[in-house]
Undergrad: 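Can you read through this structure? Questions will come right after.
Chain identifiers are assigned alphabetically (A, B, ...) following the order of the sequence lines, protein sequences preceding nucleic acid strands; residue numbering begins at 1 within each chain. Small disclaimer: the values here were computed from a predicted structure and weren't measured.
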2 protein chains.
Amino acid sequence: MVGTLAPRRDIPSATVSRLPVYLRALHEFATRDVTRVSSEELAAQAGVRPTQLRKDLSHLGSHGVRGVGYDVGRLTAELTNALGLNRSWPVAVVGMGNLGRALAAYSGFATEGFHVEALFDHDPSVIGDLVGRHRIASMGELTDVVARLGIAIGVIATPANSAQDVADALVGAGVRAILNFAPVALALPEGVACRSVDLATELHVLAFLRQPERVGADVGRGQ
Amino acid sequence: MVGTLAPRRDIPSATVSRLPVYLRALHEFATRDVTRVSSEELAAQAGVRPTQLRKDLSHLGSHGVRGVGYDVGRLTAELTNALGLNRSWPVAVVGMGNLGRALAAYSGFATEGFHVEALFDHDPSVIGDLVGRHRIASMGELTDVVARLGIAIGVIATPANSAQDVADALVGAGVRAILNFAPVALALPEGVACRSVDLATELHVLAFLRQPERVGADVGRGQ
DNA sequence: GAATGTGAACTCCTTCACAGCA
DNA sequence: TGCTGTGAAGGAGTTCACATTC
């Protein structure tokens, strides 16, 4: 038995991927100086149903008050803690094409302790260039830089054919969380967390949904 | 009973979101001049299990040969057809910040009939600027341009607070498929297909998976 | 009275085991 | 014999209904 201390065991992965959405919805209420919300209000802001929200939150323990609702500040703290967002998460981006440069500068990445701290590319003609505050480093420097800066998350924004090599280099350097934008299935050792974002696939799915035969369909990770 | 002619009814949405991955895996084999693959080989390339692949393909009808495998060319044609990729899909990108510009130029978007044909932004200081081959148009031009170019898919790459207005404008102009990068839940009428890509959420989930208590976990849309 | 928390039902997806066919 | 195709079993996620608590 591993940890009676941790009240956060076995959270379903579907729930985990909605927690950040709830956190953002809470921030929205906080900026409006709302201090208390019902599951109905919070769910509407997050784009889910109230029962879904309550079931999800129940996995973190009871933090609402029956007949009243949730305290915005308290629930925010609870979610922040559950997601591990009360520390810093240094990020490295590998691949300085259009997408990689945009990600390096993307303001949505610079929230909640995530900070892009290192940039890498394979192409000698761009190494040394500045993107935002950072110099593009060579792949040869990756191991040292990752260790020195304590990089926790590696973002792969290379073409498909170099993504596996990059993943291997990141894992070899000690990175154990990867966000992959290359359209390829990465082979990774046990214990390395990976999320893939596949932009072309999203378009393909939309194309399918919009075919004449299936007008009216509304499937997928929609809204 | 609805349509014995169409062999493509009621494909589970989980299957639909894997079909593009299979198609890409098939392209990979085709470039190596492989003409026949087993479900095991194709599944390995796609990063799924063989039984999953076979079950998914079974929703499209039987296109393999027992004891032999699948014909790469034939299955490619079948998937291309099922996904509706044998036509052109004009795309518009709204929001010309870092991410929008990268998406406008992203080569992964320029595959299989998807072509970025129009760019829009709200900010007068960038309207008229060229990004790639295209001039940034104003939001006021959106309705006309969408109609004239027959835009089928709208990509929203604006900040969260303008995303709903943009979505309304796109839908009002006749767009019925939206790819949303803004971190907000869009309210859309029935019949409008939407997929959301939330970059900050992906980082949050990775942070959760990498917390000390849950080393070893390997959840999510991983690999 | 009002809104949360949760067992149970239900739906959807994945995996298994094997029948069916070249 | 070898590999596909698929009914059935198993597992995961969502929704319902309602007991519970302030």
Side-chain angles (χ1 to χ4, degrees), chain A residues 7-19 21-22 25-26 29 34-72 74-75 78-79 82 205 217-223, chain B residues 7-19 21-22 25-26 29 34-72 74-75 78-79 82 205 217-223:
Chain A
R8 187 210 318 102
R9 294 271 45 175
D10 291 335
I11 305 183
S13 68
T15 294
V16 172
S17 48
R18 281 187 298 264
L19 295 182
V21 180
Y22 302 153
L26 284 168
F29 282 105
V34 176
T35 60
R36 219 158 50 187
V37 286
S38 66
S39 62
E40 188 157 340
E41 296 165 318
L42 190 54
Q45 177 71 36
V48 304
R49 292 194 223 306
T51 70
Q52 174 101 83
L53 172 77
R54 294 205 300 275
K55 177 66 94 179
D56 283 340
L57 294 183
S58 76
H59 293 292
L60 308 180
S62 297
H63 301 294
V65 180
R66 292 168 201 241
V68 178
Y70 300 89
D71 181 273
V72 172
R74 180 166 172 213
L75 191 54
E78 213 61 55
L79 283 174
V205 172
D218 197 9
V219 191
R221 265 186 305 132
Q223 33 173 326
Chain B
R8 187 212 318 102
R9 293 270 47 171
D10 290 336
I11 305 183
S13 67
T15 295
V16 171
S17 48
R18 280 187 297 265
L19 295 182
V21 179
Y22 302 154
L26 284 167
F29 282 105
V34 176
T35 61
R36 219 158 50 188
V37 287
S38 65
S39 63
E40 187 159 339
E41 296 165 319
L42 190 55
Q45 177 71 36
V48 303
R49 290 192 226 305
T51 69
Q52 172 98 261
L53 172 76
R54 294 205 300 275
K55 176 65 92 180
D56 284 339
L57 294 183
S58 76
H59 293 292
L60 308 180
S62 297
H63 301 294
V65 180
R66 292 168 200 240
V68 178
Y70 299 90
D71 181 273
V72 171
R74 179 163 173 215
L75 190 54
E78 213 60 55
L79 283 175
V205 173
D218 197 9
V219 191
R221 267 187 300 133
Q223 36 175 326

Undergrad: Which nucleotide of DNA chain D is the first, and which the last, in the 5' to 3' direction, to come under 4.0 Å of a heavy atom belonging to chain A?
TA: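 Endpoints of the contacted stretch of DNA chain D: D/dG13 to D/dC22.
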Undergrad: Out of curiosity, A/Glu78 CD to A/Leu26 CG, how far, rounded to the nearest 0.5 Å?
TA: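 A/Glu78 atom CD to A/Leu26 atom CG measures 11.5 Å (nearest 0.5 Å).
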Undergrad: What residues form a side chain to side chain contact (heavy atoms under 4.5 Å, CB included) with A/Ser17, not counting sequence neighbours?
TA: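 Only A/Arg195, B/Val205 meet the side chain to side chain contact (heavy atoms under 4.5 Å, CB included) criterion with A/Ser17.
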Undergrad: Go through the structure and list residues passing side chain to side chain contact (heavy atoms under 4.5 Å, CB included) with B/Val68, not counting sequence neighbours.
TA: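 Listed in chain order: B/Arg36, B/Val65.
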Undergrad: Assign A/Arg36 to base, sugar-phosphate, or nothing according to its heavy-atom contacts below 4.0 angstrom with the strands shown.
TA: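 Here A/Arg36 touches no strand at all.
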Undergrad: Could you tell me from which nucleotide to which nucleotide of DNA chain C, 5' to 3', there is an atom under 4.0 Å from chain A heavy atoms?
TA: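 Contacts span C/dA2 to C/dA8, reading 5' to 3'.
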Undergrad: Throw together a table of side-chain donor-acceptor distances under 3.5 angstrom for residues 41-57 of chain A, partners on residues two or more places apart or in other chains.
TA:
unit_1	atom_1	unit_2	atom_2	d
A/Glu41	OE1	A/Ser38	N	2.8
A/Glu41	OE1	A/Ser38	OG	3.3
A/Gln45	OE1	A/Arg32	NH2	3.2
A/Arg54	NH1	A/Ser39	OG	3.1
A/Asp56	OD1	A/Thr15	OG1	2.7
A/Asp56	OD1	A/Arg18	NH2	3.0
A/Asp56	OD2	A/Arg18	NE	2.7
A/Asp56	OD2	A/Arg18	NH2	3.3
A/Asp56	OD2	A/Tyr22	OH	2.5

Undergrad: Out of curiosity, A/Phe29 CZ to A/Leu75 CG, how far, rounded to the nearest 0.5 Å?
TA: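 Between atom CZ of A/Phe29 and atom CG of A/Leu75 there are 11.5 Å.
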Undergrad: Using heavy-atom distances to pick each residue's nearest nucleotide on DNA chain D, tell me which of A/Arg49 and A/Gly67 is more 5'.
TA: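 Closest to the 5' end, via its nearest nucleotide, is A/Arg49.
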Undergrad: Mind checking what makes side-chain hydrogen bond (donor to acceptor under 3.5 Å, both in side chains) contact with B/Arg66, not counting sequence neighbours?
TA: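 side-chain hydrogen bond (donor to acceptor under 3.5 Å, both in side chains) list for B/Arg66, sorted by chain: empty.
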